[in-house]
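Step one of this worksheet: look at the structure below.
Throughout, numbering of the chain's residues begins at 1 and tracks the sequence. Hydrogens, waters and symmetry mates are skipped; everything else that's a heavy atom, side chains included, is used.
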Amino acid sequence: MIRRLARTALACLAFPALACLAPAAAGAGAGPDTLADSTWVDRWKLKNGLEVTVRHVPACNGVAVIAAYRVGRDQDPRGRAGMADLLCEVLFSAAAGDVPERSREQMDDLRPLGWNLQVAPRFSLMSEVATVGQFPGVLRQMAARMRGVTVTDSILAQARRTTVREQGEKYVGSPERTLFSQMRDLAMGVTDEDLIRRVAGRTLQDLTGKEVGDRLRRLYVPANAVLALAGNLDGVDLHALVRNLFEDIPGGTAQPEPPSPRLTAAGRAIRRPTLEQPLGGVGIIAPAITDTLHANFYLNALVVGRFCEETWGPAQPPLPLRFRYPVFADAQLVQFFPPVAPGETDADQLGVAFQDAVEKLAVTVVAKDTFDELRVNHRWLFGGELTPSLLRRIRQHSGTLHTLASTLAVRALWGSEEFWARYLARFSDPLVTGGARWTDYFESPDHVVRLLLTPAKH
């Protein structure tokens, strides 16, 4: 099942299978492109500006329906941290035309295959996984929400409570979520006062229904959105269905993305009363995903992550892993979680542990097969074919189907088919592996963020 916290992280999946992949990108309006993995892909744009991206998976048990908007946390107005989260909550749960209000608790019964809300730095995403029979009705309801929702005082109050609760869970709840979230805030220069205001809900307490409604009408519109569909679409005239449901919705105006916030190297130790042992993370500030070097950086981040997992051993609870890079949620920061000595209070020691691992990797011969395997297992993220094991899992597991649809949506938000074809070609180039350049990059103090959580002193 999928839930609000997006338990299937977009770019942390790796499926151990080998296949000979030869993807091709479908041109705009060129019609479906059938791949050797038995799936087909299509992408087109409606007259109102809505981008549509599709991947048909034969014999799949459902269809993931996603509406993604170019509105993320980085676009929250000054002093309004959490606004994108609140707006997504309102858009997902408010009444829309003849579609009634709904709560999260009701969604578990309405969408037994799963549902999710995800608000990231650069986008907001609403998703529902439908059975094949539910699909037309779910798509109609998604169109109704894109057409506009009714913002009432009760819906606004409910969304505010939910958003404030989740802000609290993120910053003072589970320590692993704190590490995942606060590492980026540290690199952005977010202050303790800012965090206190967020956790207390002060940034949203005087938000009005008019302010919410105006922003929804201006930003959450077809010209600023992507509709992504993935799953069993056999026998469906998608172009006609999508056109009939979505094309007469007023398009609005596409909004240019603001520049990504600048992340800078930083280090900090924070006391957490509920901890019994310290734990921490190291973030590496990545080059922009539009940089021609990013595809090679991503490949080498995977190599470093695998080496750290092997060198450090399994992560100790509450941490679930040693490495994460959810590239289609936040491409700016790669995260590593080294072992931490009992009683450690110096965040710089996290950087030392990570640097030691990178230095060991630099004098280790990495077999070409390792690079080839990582390429094969991750090419699908950038539009490549699905490995046989991944295809089987998508057909059986709705969470993995949701992940496939999410990558479709975010790729369409962030770049054209031509851009991703070039990215995939660079990522797939067998002549490009690692080297001293990336060792220096990962070791450079200018790229390292260190966050240590320590038990409060008794």
Side-chain angles (χ1 to χ4, degrees), residues 5 7 9 12 14 166-196 198-199 263-286 301-326 330 333-364 439 441-458:
L5 302 183
R7 294 178 183 176
C12 290
E166 294 210 338
Q167 294 276 4
E169 290 174 356
K170 184 166 66 172
Y171 291 113
V172 296
S174 63
E176 68 274 18
R177 287 194 68 191
T178 297
L179 277 179
F180 295 165
S181 303
Q182 206 161 338
M183 205 180 297
R184 188 177 198 270
D185 291 331
L186 178 62
M188 289 176 61
V190 176
T191 66
D192 287 345
E193 291 75 15
D194 292 332
L195 294 181
I196 291 171
R198 294 181 188 183
V199 172
L263 304 188
T264 57
R268 188 168 182 199
I270 300 175
R271 291 181 181 175
R272 289 292 300 270
T274 58
L275 280 183
E276 295 182 1
Q277 296 291 335
L279 70 157
V282 172
I284 300 298
I285 301 168
L302 296 175
V303 173
V304 175
R306 174 179 287 193
F307 185 82
C308 287
E309 289 170 343
E310 294 172 349
T311 302
W312 296 335
Q316 298 302 307
L319 287 175
L321 35 68
R322 291 293 190 191
F323 161 72
R324 72 188 292 264
Y325 188 16
D330 181 8
L333 197 66
V334 191
Q335 297 181 341
F336 302 86
F337 305 96
V340 181
E344 184 61 74
T345 58
D346 184 1
D348 287 345
Q349 294 305 308
L350 297 169
V352 172
F354 177 72
Q355 185 177 28
D356 287 346
V358 173
E359 289 178 351
K360 289 178 183 176
L361 177 60
V363 296
T364 300
T439 299
Y441 187 98
F442 280 92
E443 289 187 320
S444 171
D446 293 338
H447 301 146
V448 181
V449 181
R450 305 162 309 284
L451 178 60
L452 178 66
L453 304 183
T454 67
K457 292 183 178 179
H458 296 290

Testing the basics here: between [X] and [Y], what is the closest heavy-atom pair and its distance to 0.1 Å?
| X | Y | value |
| --- | --- | --- |
| Ala353 | Trp312 | O-CZ2, 4.0 Å |
| Gly281 | Phe337 | CA-CD2, 3.7 Å |
| Leu195 | Gln182 | CD1-NE2, 3.1 Å |
| Pro175 | Arg272 | CA-NH1, 4.0 Å |

Any chance you could measure [X], atom [atom1], to [Y], atom [atom2], to the nearest 0.5 Å?
| X | Y | atom1 | atom2 | value |
| --- | --- | --- | --- | --- |
| Glu169 | Gln167 | CD | CD | 10.5 Å |
| Leu321 | Glu176 | CG | CD | 9.5 Å |
| Met188 | Thr264 | CE | OG1 | 10.0 Å |
| Lys360 | Glu310 | NZ | CD | 12.5 Å |
| Leu179 | Arg177 | CG | CZ | 12.5 Å |
| Leu279 | Leu319 | CG | CG | 4.5 Å |

With a 3.5 Å distance limit and no angle check, can you tell me whether Glu443 reaches the backbone of Tyr441 through a side-chain donor-acceptor pair?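 Checked: no pair found.
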- Query: Do the side chain of Glu344 and the main chain of Pro278 share a donor and acceptor less than 3.5 angstrom apart?
  - Reply: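 Pair absent, no side-chain N/O of Glu344 close to backbone of Pro278.
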Does any non-hydrogen side-chain atom of [Y] lie less than 4.5 Å from one of [X]?
| X | Y | result |
| --- | --- | --- |
| Val448 | Ile284 | yes |
| Leu361 | Thr439 | no |
| Asp346 | Leu452 | no |
| Ile270 | Thr454 | no |
| Asp348 | Arg450 | yes |
| Pro339 | Arg322 | yes |
| Cys308 | Val304 | yes |
| Val352 | Pro338 | no |

* Can you name the salt bridge (Lys or Arg N to Asp or Glu O under 4.0 Å) partners of Arg198, sequence neighbours left out? ->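 Arg198 satisfies salt bridge (Lys or Arg N to Asp or Glu O under 4.0 Å) with Asp185 once adjacent residues are dropped.
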### Query
Residues in salt bridge (Lys or Arg N to Asp or Glu O under 4.0 Å) with Arg268, at least two apart?
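With sequence neighbours excluded, Arg268 shows a salt bridge (Lys or Arg N to Asp or Glu O under 4.0 Å) to Asp192, given in chain and number order.
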ask   = Would you call the rings of Phe442 and Phe336 parallel, tilted or perpendicular if under 30° counts as parallel and over 60° as perpendicular?
value =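 Answer is perpendicular, since the angle exceeds 60°.
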### Pair Lys170-Phe180, side chain to side chain contact (heavy atoms under 4.5 Å, CB included): steps then yes or no
CA-CA 9 Å; Lys170 184 166 66 172; Phe180 295 165; over 6 Å; no
- Query: Between Phe323 and Phe307, is the ring centre distance below 6.0 Å?
  - Reply: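 Judged by ring-centre distance (under 6.0 Å), Phe323 and Phe307 do not meet the cut-off.
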Could you go through the side chain to side chain contact (heavy atoms under 4.5 Å, CB included) check for Leu263 and Val449 one step at a time? CA-CA 9 Å; Leu263 304 188; Val449 181; 6.0 Å; no
